[in-house]
Amino acid sequence: MTILLHLAVVAAAIIAGARSGGVGRGMGGGAGLLVLSALGVAPTTPPVDVMLVVLAVITAAAALDAAGGIDVLVRVAERVIRARPRAVTFVAPLVTWTFTFVAGTGHVVYPLLPVIAETALRAGIRPERPMGIAAIASQQAITASPVSAAMAAMIAILAPVDPSWGLGRILLVAVPASLAGVLAGALASSFVGQELDRDPVYRARLAAGLLVDPAAAPLPAPRPGAGRAVAVFLAA
C-alpha cells in the first residue's frame, strides 16, 4: 500500500509538471519530492557525478553547435535521407538514431524533420510514417548514446550495484536493443494510414490546389573549421 501511495504521488507530480510546462516541470518534481519527504521517504544525496557528466556533455554539444559542427552533421544526414526516397520510412529513423547517438541529445534532429517530410511527399509516402518513427528513434538512441545524460545516469545507478556494468557492457545491450526496436517500429509505421494516392482527404486537397510542392528550407553554408570541430567532438 505504501509503494502504491508513493507511485501515486510521483505520477501526480509528473502530470502536474507536464501540464504546467516550462519551469513548471521542475517545480512539479520538487513538489512531489516535498510530499514524499513528508511521507517519510528520506531524500538521497544529489547525483553530483551524473550532474557533472551532463554538464560536460552539454558543454561539448554547445561548443560543437557554436563551431557549426551540427550544420555539417545535418548536411550529411540530409544527403543520406534523400538518397533512398522510397525507403525513407526505414532510412530516416536510422539516420536520426545515429545522429542522436553521436550528439547525445535528440534535439539535434529538428532540422531533419522538414527534409524527411519533403522526401516522403516527393516519393508519394505519407509523411507521418517516417516522421513519427524518426522522432521516436532519436529518443531511443538517447538510451544507447555513450555521451547522453541517460547513459551517465544508468552507469551511476548500475555501477555501485555491480561494477561489471560499466559503459561497455551497457552499450552491448542498449545499442542492439534500441536498433531492433527502431527497425520494428519502422516496419509497423510503413502500414500506418492509407496510401496517399488512395487517401480521399489528400486527393481532395490536391485537387483543390491546397497543397504546394514541398521544399525544405535551405541549410546554411558550413562555417570554416566546422568539419574539424566534428572530428574533435567524435574523437573526444
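Bear in mind that the values here come from a model prediction, so they are computed numbers and not experimental data. One is the number of the first residue; the rest follow in order along the sequence.
Judged purely by atom type and a 3.5 angstrom limit, Ser178 uses its side chain to pair as donor or acceptor with the backbone of Ala174. At least one donor-acceptor pair under 3.5 Å links the side chain of Arg126 to the backbone N or O of Gln194. Although no hydrogens or angles enter the test, the distance criterion places no donor-acceptor pair under 3.5 Å between the side chain of Thr119 and the main chain of Ile116. Here the side chain of Thr96 pairs no donor or acceptor atom with the backbone of Ala137 at under 3.5 angstrom. Under a 3.5 Å cut-off, the side chain of Arg122 and the backbone N or O of Arg82 do not form any donor-acceptor pair. When atom types are taken as modelled, the side chain of Ser190 and the backbone of Leu187 share a donor-acceptor pair closer than 3.5 angstrom.
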message: Set out, in order, the CA-CA distance, both residues' side-chain angles and the distance that settles side-chain contact (heavy atoms from CB on, under 4.5 Å) for Met154 and Val173, then state yes or no.
response: CA-CA 12 Å; Met154 282 192 287; Val173 176; over 6 Å; no

- request: Evaluate the side-chain contact (heavy atoms from CB on, under 4.5 Å) criterion for residues Phe191 and Thr89: first the C-alpha distance (whole Å), next the side-chain angles of each, then the deciding distance (0.1 Å), finally the verdict.
  value: CA-CA 10 Å; Phe191 297 100; Thr89 305; over 6 Å; no

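Heavy-atom contacts from other residues, nucleotides or ligands closer than 6.0 Å to CZ of Arg84 number 12 or fewer. Around CD1 of Ile3, the count of heavy atoms belonging to other residues, nucleotides or ligands within 6.0 Å does not exceed 12.
Val102 places none of its side-chain heavy atoms less than 4.5 Å from the side chain of Val147. Side chains of Trp97 and Val175 form a contact here, defined as non-hydrogen atoms less than 4.5 Å apart. Side-chain atoms of Thr100 and Ser145, non-hydrogen and from C-beta on, never get closer than 4.5 Å to each other. Using a 4.5 Å cut-off on side-chain heavy atoms (C-beta onward), Phe101 and Ser148 make no contact. Contact of the Leu94 side chain with the Leu183 side chain is registered, since non-hydrogen atoms from C-beta on lie closer than 4.5 Å. Using a 4.5 Å cut-off on side-chain heavy atoms (C-beta onward), Ile136 and Val182 make no contact.
Residues meeting the ring-ring contact (aromatic ring centres under 6.0 Å, His included) test with Phe99, sequence neighbours left out: none.
Val88 and Val95 end up in the same hydrophobic cluster when Ile, Leu, Val, Met, Phe, Trp and Tyr side chains are linked at under 4.5 Å. Trp165 is connected to Ile155 through a chain of hydrophobic side-chain contacts under 4.5 Å among Ile, Leu, Val, Met, Phe, Trp and Tyr, so both are in one cluster. Transitive grouping of hydrophobic side chains (ILVMFWY, heavy atoms separated by less than 4.5 Å) brings Leu36 and Leu5 into a common cluster. Both Val109 and Val91 belong to a common hydrophobic cluster when Ile, Leu, Val, Met, Phe, Trp and Tyr are linked at side-chain heavy-atom distances under 4.5 angstrom. One hydrophobic cluster holds both Val80 and Met131 under the rule that ILVMFWY side chains link at heavy-atom gaps under 4.5 Å.
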Side-chain polar contacts of residues 9-18 - donor-acceptor pairs under 3.5 angstrom, sequence neighbours left out - could you list them?
none

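In terms of heavy-atom proximity, Arg86 sits nearest to Gly124 at NH1-N, 4.5 Å. Considering every non-hydrogen atom in both Met151 and Thr143, the closest pair reads CE-O, 3.4 Å. Of all non-hydrogen atoms in Pro130 and Ile125, the two that sit nearest each other are CD-CG2, 4.4 Å. The shortest non-hydrogen separation linking Val72 to Gly227 is CG2-N, 4.2 Å. Residues His6 and Val41 come closest through the heavy atom pair CE1-CG2, 3.3 Å.
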